[in-house]
Each structure stands twice: as C-alpha cells, then as structure tokens.
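Counting starts at 1 for both ligands and their atoms, in listed order. Numbers for residues simply follow the sequence, beginning at 1.
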Amino acid sequence: MATPAATGEQDVAGVPFFSQAATFERLWPSIAAHVADVMERGKYSHGRKVLELERAMARYTGARHAIAVNNGTDALVLLLRAAGIGPGDDVVVPAFTFAATATSVALAGARPVFADIDPVTYALDAASFASVVTERTKAVLPAHLFTQLADMDAIAAVARDHGVTVLEDSAEGIGMRWNGKHAGLLGKGGVLSFFPTKTLGAIGDAGMVLTDDDEIAERAGILRHHGRMGKTIDHIAGISNLSGASGTNSKMDDLQAAVLLAKLDILDEDIERRAALAAAYTERLTGIPGVLRLPTVVERAVPTEPVFYVYEIEVERRDDLVAHLTERGIGTETYYPVPLHLQPCFAGLGHGPGDFPVAEAACRSAVALPFYPDLTEEQLDRVADAIRDFFHGSQS
Ligand SMILES: *Cc1c(COP(=O)(O)O)cnc(C)c1O
C-alpha cells in the first residue's frame, strides 16, 4: 500500500470503523498455542477446543449451559425451536434491531410481531410490547443493543401477566448484567454472537446459546448437529415434539474456539478499555450543536453492568455527517438504517411509516463511530474533531 509520503499527499491517515490487528499481535503467542492444540488433535469442528470454550463461557456468564453453534443467527433459531416456538406462534420483537432478531423468528416457522423501542436504550419498550400482545403471543425476544440491557423487569412483568415466554437476543450482550445475572439468563434463554466486530469477536462466524434450562439446552444441542444424540445416527431422536423435527448443521469450528479462548483472557480488560474510550468520546462530543444524543446508561432499581459495545450517537443531518467523515477516511456504520417493520421481507405484515415512530427516528439520526479496544486516543480525537468541524462549519 502506498504511504502518504510516497504519494505526496498530506498525512490524512483515516480511522477505520473497526480493527483488531493490535489485539491479535499482542495475543499471538496464546492464539498460536490454542491453534497448535487444535492442529495436533486433528478434530477441527465440534471438537475438544469447542467443549473447552463452552465450559469457559458457562463460567464467565454463570450459565448452566453454553451451547456452541456456528453463528449468532443460528443460535437464535435453535433457541426459539428448542423453546418450542414454531408455526402458529407469534413472537414480539423490536422494530429497531439487527435483522436476525426478527428473521430468526420467521426461520423458526413463527411470526414476528413488531413493537417500538425506548429512545434511550434503543431496546424493546415494555408498554409497546404490552400493546401488541394477543392470545397468539407465545414469546417475546427483546434485543440488548450497544451498551445495556432492555428494561428486563418491566418486560418480565408484562410477559408474566400474559403467560408469554421471555427469550433474549443477547447477541451483543456479553458482559452486560442485570441484578448480577448475565444477559441471556433473565428469561428462558439467550444467545451470544462472536462475529468479528462483537465485544468478543472470532476471526469468522461463531455463536452460542445460553440457558439455565436443561430441556432447552438438550434440544438446542441436538438440533445443532442434524438431530444427532451423541454418536448415534438416530437423527430425530428425542426431538419429534419440536417444531420441524429436522436438525441442522450448526457446529462451531475449533479454530474459532481457539481464538475466542485466547481473547476471553483479556475480555474484562477490553470492557474496561471500552468504558474509558466511551467516556473520552462523551467528553469531547458534549455540547456540540447538532449532536442530539450521546449514549446514556439508565439507572435502574437494581444494579446493572453496562458494556460499551457500540458507541452510537444521534445527530442532525446524519447522512451529510457520514459523507463528511468518509471524506476524511473515518469509518462509520448506521445501526440501523431501516426499521424492520419497513423492510421488504416483512412487507407481508402490513406495516407503514409512522407505526413505530421511535424506531423510525433512530434510523434517521443514529450513527456508530469507530469504537474498539485498539482505537487510540489520538484516533478518537481525530473523529471528535471532524464531527465538531462539521457542525461548527455548518453554523457560520
Ligand atoms: C450480531 C447480531 C446478531 C447475529 O449474530 P451473527 O453471529 O452475525 O449471526 C443477532 N442479533 C443482534 C442484535 C446482533 O447484533
């Protein structure tokens, strides 16, 4: 790659939206040792390294069962199916979240029913959830986004009143806790995604089901491996009572487990670093006209532990700001550009603009900034300066 000096340009080094190159360099001896272990054993999928990761994640989260699968989306589908959700069932999901929260419900054979979000946490709003419950509602699947859990006490109260099962899309929730309980363990079960950009990221796809429920754990464990129980090839053994009795192939690769085990050693340190970076961004961006909202952790009646996974802000003229940052080589992502009730794949549900105003407003004004443990203060300053320049420049 040509350096700025070689091309005669000024030093306008950009800031990538995501990078973990420095982390990998630092962890290389430990990653190499775990990888060598996998190579020597010669079992590359659903092997001993995966089992080791399951045990380590059960310890870290306090879950009775941690079931390794191929990715977070599969984890959601298998969790729903293992919880007995299928054709004829409705599952309430937020309109503002990653597509998988709702597509997993459809993949399990059930129908997603949308509800609006809380403007501060960006998670499912309990009152909106209550307003869409019917006799068909079998489960609710709040998604914990960016920094903190949905209001799980309020959601659980509505669910209890209506006999609805609580499951969690805790794909982003590693390290987040509510009254001492880890994300995913506040209802019948949850998931983790180890997609590379997640707080604990692999070098490819990987995911996990978390649950304290023995039956759900057993079913999810069977479904991930073609319905196989142990070494038998009795492919639908014990799961004929599940929606769609067929299992699937959603095993985790041992190489992903190797990388994840090495990174798990520094996860809490990474989470602390993320908190420091978030505080630095907030300090620099407070008071800039045009910046409408910075991440805010809500005080609850019970102790909670946030984790800054994404640093998401809301701004005026979002698309113009994104163009301004792109011009300066600064990466951004819009989480999420279109609310799910207005996505073409859910057109059949008959929603239109205005149905979930809080979700729609967030889609118009929210943008995620470069944010990861490798980010330097100097890079962070460059991002904050570029945002300040944009809004101050446009004022005069
Ligand atoms: C990342 C994510 C998923 C899906 O995880 P994958 O591992 O990418 O399949 C699901 N829900 C939410 C909220 C996510 O952020």
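- Taking the six-membered ring for Trp and thresholds of 30 and 60 degrees, H182 and Y60 have ring planes more than 60 degrees apart, a perpendicular arrangement.
- Residues D214 and H65 have side chains that bring a donor and an acceptor to within less than 3.5 angstrom of each other.
- The aromatic rings of Y335 and F146 sit parallel to each other, their planes meeting at less than 30°, with 60° as the upper class boundary.
- With 3.5 Å as the limit, one finds a donor-acceptor pair spanning the side chains of E314 and Y122.
- Note: F390 and H324 have tilted aromatic rings, judged against thresholds of 30 and 60 degrees for the angle between ring planes.
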Ligand 1 polar-atom proximity to protein (N/O, under 3.5 Å):
unit_1, atom_1, unit_2, atom_2, d
ligand 1, 5 (O), S193, OG, 3.3
ligand 1, 7 (O), G72, N, 2.7
ligand 1, 7 (O), S193, OG, 2.7
ligand 1, 9 (O), G72, N, 3.3
ligand 1, 9 (O), T73, N, 2.8
ligand 1, 9 (O), T73, OG1, 2.6
ligand 1, 11 (N), D169, OD1, 3.2
ligand 1, 11 (N), D169, OD2, 2.7
ligand 1, 15 (O), E172, OE2, 2.6
ligand 1, 15 (O), K198, NZ, 3.2

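- D151 has a carboxylate O that lies under 4.0 Å from a charged side-chain N of R300, or vice versa, which qualifies the two as a salt bridge.
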